[in-house]
Amino acid sequence: MKQDIALAVQAACADVFGVDDQTVVLTRPDEQFGDYATNVAMRLAGALHKNPREVANALADKLRAVLCDTASEVSVAGPGFLNIRLSDAALARAASEEPAASFAGKTVLVEYSDPNPFKPLHAGHLYTTLVGDMIARLVERAGAKTVRLNYGGDVGLHVGKSMWAIVKHLGGEHPEALTQIAEADRPSWLGARYVEGNNAYEDNESAKQEIIAVNKRVYQLHADNDHTSPFAHIYWTCRQWSYDYFATLYTQLQVTPFDRFIPESDVTLLGVATVREQLAKGVYKKSGDAVVFEGEPFGLHTRVFINSEGLPTYETKDVGLSLTKWKEYPNFDKSIIITANEQAQYMQVVIASIRQFAPEPAEHTVHLTHGVVKLQGGVKMSSRKGNIVSALDILAAARVAGAETGTNPSEETVLAAVKYALAKNRMGGDIVYDPKESIALEGNSGPYLQYAHARARSILAKAEGMDMAITPDQAFQPAERLLLRKVAEFAETVERATEEYMPHYICTYLYELAQVFNHFYEHNRVIGSERQLQRLRLVELYADTLKKGLGLLGITAPDAM
RNA sequence: GCCCGCGUAGCUCAGUGGAUUAGAGCGUCUGGCUUCGGACCAGAAGGCCGGGGGUUCGAGCCCCUCCGCGGGUACCA
């Protein structure tokens, strides 16, 4: 609908003023002005050397004729805004319109979550997992063949640190000692080892040298495909513990399962080979014993791809990952990568370097970044000290807050609370997570929307068996029209969220939708009204829209709570 | 130092490619319930949109500059 009208306005500009290629932006004005508004007249006025209102009036005359089937009113207001009001029939059509399939036939890779084995899952992982799931749902709904990828560092310095501490803790390379660690304790035990290794690396020079040696052994273990030595046994066992621990979280969160886990060790060799090959071609440069990419000519900074020890850094592995994606999903249309903000400039350097020898995957890669999740009261967290907020801590905090309010929320409401709280802010900024606010049944929260949905369903249940057909000759009353108008914004909201990869637009919209409904419901009888049929149909449309929107966020919409 | 991002109500945040009168939730205050689930609704108070300059008919939004906060800045990512 919106698109059709924009095209009509564009055509009118061409017909009346001979202006082609005029980008028309339609906005949603205040209800009193109409359903859509545009400022084209004011933008055209300058170039045409005409009065904006004059331009607007000429366009309005044209549009009244062209849009006679969809618009009930085209008016000019203020300095020259064109306001368009939809006819009831057009509005009803718009309200049941599906969002456009803008990714139909396209392949979109979405990489998110990306936890590193041997390290704990912190609140940031929870955030990228949930938001990544939402973005994947958005592009999938838009018709994309979606591939959900999970990339994790099972090699690299952090593994060296952990393995160093693990071996030390086991009193040597004794894999059998691992059996003494209870299954439930494995994640925290591994987390503690990482903190030990990290502290030792920073504080103790001889430990640092040992860790560097252990790191090399881990790479060697992969090169040799060693699954039998005691060291390898410890490595593979602990790596599996990590993957089991990640799976626990994903199951709890009820996110869409990943299509593929790509451990770093799978892409390292390709990355190293590529960087060495491109070193010979001059893309990368030697700097001492290290191999770097000089970012300065691109307005970026220089980064090390292969360190002085001859080991690949994360940069090189990302090169390998990017080429692996292109090889295994050839000619993908989009590769979306979601990470924390701190990697924004890092990723620019990596992509700039890839662009020098593999322009296609580089051009089709989109890097989205998000902020840090802090708990209300915001204490600075440090993984080095081990006092991080873990992913599961956030869920636990929501449960505790729910219990404290006495509402005793179900697990699906706890999930709704956490998902919605993390999704409702524009991605990119830091999130201050307030468990109480997230679980609250009033205010802008997931549970509020679940309740709003359940409430509408209960009205419908009461009217079970009644004829739900709309009576076509009855015009909408103003209050009904307001609700219908809000429902009709669903399609364009989803389209925008998809286009910009911004799930929070959906949150804002759903909350507004629920408020508009509550307003309607407060002042208008549904069951028992003379207009019962139309109104039940409206309630159903509203409930369906709410449910669809929540579904895009990975939030369930129970019929009763 | 340089690069990137961010400063909107007491708090947490929306604010579309510039636009008609800056919005919401929480909190505070005032009203409305033997209810189609009041987990709601109606209303009030609370803003030099970090400061200053510029462009424009018009700037929270664009440009410049300063201040503050966060991140990055060669061998972690």
Side-chain angles (χ1 to χ4, degrees), chain A residues 23-30 32-33 37 39 42-43 45-46 52 77-81 83 114 116 153 156-158 160-161 198 201 287-296 299-309 311-315 317-318 339-350 369 371-372 376 407 421 424-426 428-434 436-437 440-445 447-448 450-452 454-463 492-493 496 500 504-505 507-508 511-512 515 518-519 521-529 532 535-536 539 560-561:
Chain A
T23 327
V24 171
V25 178
L26 287 181
T27 55
R28 285 283 187 174
D30 209 67
Q32 57 175 310
F33 298 114
N39 64 356
M42 286 173 286
R43 289 171 44 205
F81 289 99
N83 291 319
D114 289 0
N116 287 332
L157 191 59
H158 65 279
K161 291 169 180 173
N198 205 13
Y201 185 86
S287 177
D289 290 333
V291 177
V292 303
F293 178 76
E294 292 175 346
E296 285 73 11
L300 304 168
H301 61 272
T302 294
R303 298 197 70 94
V304 172
F305 280 62
I306 295 178
N307 69 24
S308 309
E309 300 291 325
L311 295 178
T313 59
Y314 222 92
E315 286 81 340
K317 298 169 207 167
D318 254 321
T339 74
N341 287 332
E342 60 193 15
Q343 287 179 39
Q345 293 174 94
Y346 155 84
M347 194 63 81
Q348 280 183 21
V349 175
V350 171
T369 68
V372 174
Q376 180 73 354
T407 52
K424 72 177 180 177
N425 293 352
R426 172 177 278 273
D430 290 350
I431 302 275
V432 178
Y433 177 71
D434 182 342
K436 261 196 263 184
E437 189 184 301
L441 289 150
E442 57 281 319
N444 188 0
S445 76
Y448 170 86
Q450 281 187 325
Y451 179 78
R455 194 182 183 203
R457 289 290 173 209
S458 99
I459 300 166
L460 293 169
K462 202 152 282 185
E492 63 202 55
T493 302
R496 183 162 173 238
E500 297 182 31
H504 81 286
Y505 288 132
C507 298
T508 305
Y511 185 61
E512 287 170 2
Q515 283 183 309
N518 281 334
H519 175 87
Y521 186 67
E522 184 78 15
H523 303 286
N524 299 278
R525 194 83 205 160
V526 174
I527 291 175
S529 150
Q532 175 168 311
R535 288 181 177 176
L536 280 172
V539 173
M561 289 172 74

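Quick note on labels: first sequence line is chain A, next is B, and so on, each numbered from 1.
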Query raised in the report: Would you say Arg426(A)'s side chain and His504(A)'s backbone share a donor-acceptor pair under 3.5 angstrom?
Result: no
**Report entry** Donor-acceptor pair between Glu296(A) and Thr302(A) side chains, under 3.5 angstrom
**Finding:** yes
Query - Sugar-phosphate only, base, or nothing, as touched by Asn83(A) at under 4.0 Å among non-hydrogen atoms - result: base
Query raised in the report: What is the nucleic acid contact for Asp114(A), judged by heavy atoms within less than 4.0 Å: base, sugar-phosphate only, or nothing?
Result: nothing
Requested in this report: Describe the nucleic acid contact of Thr339(A) in one word from base, sugar-phosphate, nothing, applying a heavy-atom distance below 4.0 Å.
Outcome: nothing
Query raised in the report: Any idea which of G25(B), A19(B), C36(B) is nearest the Phe81(A) side chain?
Result: A19(B)
Query raised in the report: So does Ser458(A) get a side-chain nitrogen or oxygen closer than 4.0 Å to the phosphate oxygens (OP1/OP2) of G37(B)?
Result: yes
Query raised in the report: When you check every protein heavy atom under 4.0 Å of nucleotides 39-45 of chain B, what one-letter string (B, S, -) results, 5' to 3'?
Result: BBSS---
Query raised in the report: If you look at every strand shown and take non-hydrogen atoms under 4.0 Å, does Ala454(A) touch a base, only sugar-phosphate, or nothing?
Result: base
Query raised in the report: Looking for any heavy atom pair under 4.0 Å, which part of the strands does Phe33(A) touch: base, sugar-phosphate only, or nothing?
Result: base
Requested in this report: Answer yes or no: does a side-chain N or O of Arg496(A) lie under 4.0 Å from OP1 or OP2 of U16(B)?
Outcome: no
**Report entry** Out of U12(B), U21(B), U20(B), whichever nucleotide has its closest atom nearest the side chain of Glu437(A)
**Finding:** U12(B)
Query raised in the report: Is any side-chain nitrogen or oxygen of Arg426(A) closer than 4.0 Å to OP1 or OP2 of C13(B)?
Result: no
Query raised in the report: Can you name the nearest heavy-atom pair linking His158(A) to Gly153(A), along with the distance?
Result: NE2-O, 2.6 Å
Query raised in the report: NA contact type, Tyr201(A), heavy-atom cut-off 4.0 Å: base, sugar-phosphate, or nothing?
Result: sugar-phosphate
**Report entry** Set of side chain to side chain contact (heavy atoms under 4.5 Å, CB included) partners for Asn425(A), sequence neighbours left out
**Finding:** Ile431(A)
Query raised in the report: Which part of the nucleic acid, if any, lies within contact of Glu315(A), taking any heavy atom under 4.0 Å across all strands shown: a base, the sugar-phosphate backbone alone, or nothing?
Result: sugar-phosphate
Query raised in the report: Which part of the nucleic acid, if any, lies within reach of His158(A) when heavy atoms closer than 4.0 Å are counted: base, sugar-phosphate only, or nothing?
Result: nothing
Report summary line: With sequence neighbours left out, the residues meeting side-chain hydrogen bond (donor to acceptor under 3.5 Å, both in side chains) with Asn444(A) are Tyr420(A)
Requested in this report: Would you mind classifying the nucleic acid contact of Asn307(A) as base, sugar-phosphate or nothing, using non-hydrogen atoms under 4.0 angstrom?
Outcome: base
Requested in this report: Establish whether the base of C75(B) is bridged to the side chain of Ser308(A) by a donor-acceptor pair shorter than 3.5 Å.
Outcome: yes
Requested in this report: Determine: side-chain N/O of Lys424(A) to OP1/OP2 of A24(B), distance under 4.0 Å, yes or no.
Outcome: no
Query - Pairwise P distance for A42(B) and G25(B), with rounding to whole Å - result: 9 Å
Query raised in the report: Using a cut-off of 4.0 Å on non-hydrogen atoms, how would the nucleic acid contact of Glu500(A) be classed: base, sugar-phosphate, or nothing?
Result: nothing
Requested in this report: Would you indicate, yes or no, if C13(B) has its OP1 or OP2 atom less than 4.0 angstrom from a side-chain nitrogen or oxygen of His504(A)?
Outcome: no
